[in-house]
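Beneath this line is the structure, given in structure tokens, with notes to follow.
It should be emphasised that the depicted structure is a prediction, and the values quoted were computed from it without experimental measurement.
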Amino acid sequence: MVTLRTPNAQDRAALAEIELCGELMIAASAAGEERLSHDRIDEVLDVGGAECRAAVPRQGSRRR
């Protein structure tokens, strides 16, 4: 028997992450052999505005 329940905040966050991963996979597959640029990743994830960019570090800034 399947029990239905109301989705909680964790469920919504997990579903949002899965959707974003799917969008990145679609963009990466459309790019062919080249890697996605940081700007293209930001575009796919709909990262906008200076305040958002300041709050979320870019991928390249973590690599050293």
Side-chain angles (χ1 to χ4, degrees):
M1 175 180 194
V2 175
T3 303
L4 299 177
R5 62 183 174 88
T6 305
N8 60 30
Q10 287 178 323
D11 292 340
R12 288 188 291 274
L15 289 173
E17 281 188 43
I18 291 167
E19 185 175 341
L20 290 174
C21 287
E23 294 296 327
L24 281 174
M25 285 189 269
I26 291 168
S29 67
E33 294 296 318
E34 63 189 67
R35 297 181 76 173
L36 293 178
S37 69
H38 295 289
D39 290 333
R40 179 66 180 129
I41 291 170
D42 288 348
E43 181 183 330
V44 170
L45 297 178
D46 196 24
V47 176
E51 68 281 350
C52 187
R53 284 191 291 276
V56 179
R58 293 178 66 106
Q59 281 186 326
S61 65
R62 286 186 253 164
R63 294 181 190 153
R64 295 195 190 244

Between side-chain atoms of residues 24-32 and protein atoms elsewhere (two or more places apart, or another chain), which donor-acceptor pairs fall under 3.5 Å?
residue, atom, partner, partner atom, Å
S29, OG, M25, O, 3.3
S29, OG, I26, O, 2.9

Contacts of E43 meeting salt bridge (Lys or Arg N to Asp or Glu O under 4.0 Å) (sequence neighbours excluded), chain-then-number -> R40

Flag yes if L36 and L45 sit in one hydrophobic cluster, no otherwise; membership is Ile, Leu, Val, Met, Phe, Trp, Tyr, and two members link when side-chain heavy atoms are under 4.5 Å apart.
yes

Any pair counted as salt bridge (Lys or Arg N to Asp or Glu O under 4.0 Å), so long as it reaches residues 16-27, sequence neighbours left out
none

